[in-house]
Amino acid sequence: MSDKTEPVENDWISGVVDAIVDNVDRVRTHGTENAIRLVRAIVYGLVALVFTTAALALLIIVGVRLADAYLPIGSGVGDATWAAHLFIGGLLAILGFGFWLNRKIEGMRWVTLALILDAVIIVTIVCYGIIDSFA
């Protein structure tokens with residue numbers, strides 16, 4: 001009679017052990033996959049932040065250099081650096097103000113108006129420079 005109960009006990013024990021191992025593997029797999037996704041998101045986010053910051057810095061530097069070279073103030077490159085900084089800073093301030101006004105409103109109405117105002121200012125300065133060069 002002990003021979004018949006022994007396989008039943010072994011089946012029960014092996015079933016419990018298999019269930020525990022399966023649950024531990026499932027928890028470990030889900031935990032590890034979520035941790036890997038989180039770490040990847042953090043790393044990719046940091047890389048994107050660094051590249052975006054570098055691109056914005058280079059864009060602002062190029063904008064200031066172009067404004068310094070082509071603003072109709074001063075007599076050449078380096079003479080109107082303060083005006084170039086003021087010009088680019090003013091454009092960015094107008095754009096930032098548009099984003100600030102748009103923070104609680106759905107849509108991009110204020111940002112669009114800020115971009116239009118920036119474009120009008122740029123066109124006005126360029127036209128003034130063209131007219132001033134002919135005079």
Side-chain angles (χ1 to χ4, degrees):
M1 193 155 179
S2 66
D3 291 337
K4 290 184 179 181
T5 59
E6 199 170 308
V8 171
E9 288 178 10
N10 287 340
D11 288 340
W12 179 77
I13 293 172
S14 66
V16 170
V17 169
D18 288 341
I20 291 172
V21 168
D22 289 341
N23 285 332
V24 168
D25 285 341
R26 189 171 3 135
V27 169
R28 186 180 60 187
T29 301
H30 288 291
T32 303
E33 288 175 2
N34 290 338
I36 288 172
R37 275 192 214 119
L38 177 67
V39 170
R40 280 184 184 163
I42 290 171
V43 169
Y44 290 148
L46 287 174
V47 169
L49 180 69
V50 167
F51 283 145
T52 303
T53 303
L56 285 175
L58 288 174
L59 186 65
I60 290 172
I61 290 169
V62 167
V64 168
R65 295 290 291 170
L66 286 173
D68 186 29
Y70 295 111
L71 272 179
I73 298 173
S75 61
V77 176
D79 292 337
T81 305
W82 64 269
H85 284 94
L86 181 67
F87 178 69
I88 298 298
L91 293 179
L92 291 175
I94 291 170
L95 187 61
F97 189 64
F99 276 109
W100 178 259
L101 290 176
N102 202 49
R103 70 190 182 281
K104 293 183 180 177
I105 301 171
E106 302 227 355
M108 297 292 281
R109 188 180 79 189
W110 289 107
V111 176
T112 305
L113 290 174
L115 286 172
I116 291 171
L117 181 60
D118 281 350
V120 167
I121 291 171
I122 292 170
V123 168
T124 303
I125 295 292
V126 168
C127 289
Y128 175 77
I130 291 171
I131 292 171
D132 190 42
S133 68
F134 288 124

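Keep in mind the model is a prediction, meaning the values are calculated, not measured.
Residues I20 and V17 are members of one and the same hydrophobic cluster, defined by side-chain heavy-atom contacts under 4.5 angstrom among Ile, Leu, Val, Met, Phe, Trp and Tyr. A continuous path of hydrophobic side-chain contacts links I13 to V16 [ILVMFWY only; heavy atoms under 4.5 Å]. Residues L58 and L66 are members of separate hydrophobic clusters, defined by side-chain heavy-atom contacts under 4.5 angstrom among Ile, Leu, Val, Met, Phe, Trp and Tyr. Under the 4.5 Å side-chain heavy-atom criterion for grouping Ile, Leu, Val, Met, Phe, Trp and Tyr, V24 is not connected to V27 through any hydrophobic cluster.
The CD1 atom of I122 sits 10.0 Å away from the CG atom of L117 when rounded to the nearest 0.5 Å. Residue D22 holds its CG atom at 10.5 Å from OG1 of T29, rounded to the nearest 0.5 Å. A distance of 8.5 Å separates CG in L59 from CD1 in I88, rounded to the nearest 0.5 Å. Atom CH2 in W110 sits 14.5 Å away from atom CH2 in W100 (nearest 0.5 Å). In this structure, NE2 on H30 lies 10.5 Å from CG on D25, to the nearest 0.5 angstrom.
Between G98 and A114, the shortest heavy-atom distance links the atoms CA-CB, 4.0 Å. Scanning all heavy atoms of the two residues, the minimum distance from I121 to F87 falls at CG2-CE1, 3.8 Å. For the residue pair M108 and T112, the shortest heavy atom distance occurs at O-OG1, 2.6 Å.
In this structure, V43 and R40 have side chains that are not in contact, with every pair of non-hydrogen atoms separated by 4.5 Å or more.
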task = Check the pair L91, L95 against side chain to side chain contact (heavy atoms under 4.5 Å, CB included), reporting the backbone distance first and the verdict last.
result = CA-CA 6 Å; L91 293 179; L95 187 61; over 6 Å; no
Q: Check the pair L92, I60 against side chain to side chain contact (heavy atoms under 4.5 Å, CB included), reporting the backbone distance first and the verdict last.
A: CA-CA 9 Å; L92 291 175; I60 290 172; 4.0 Å; yes
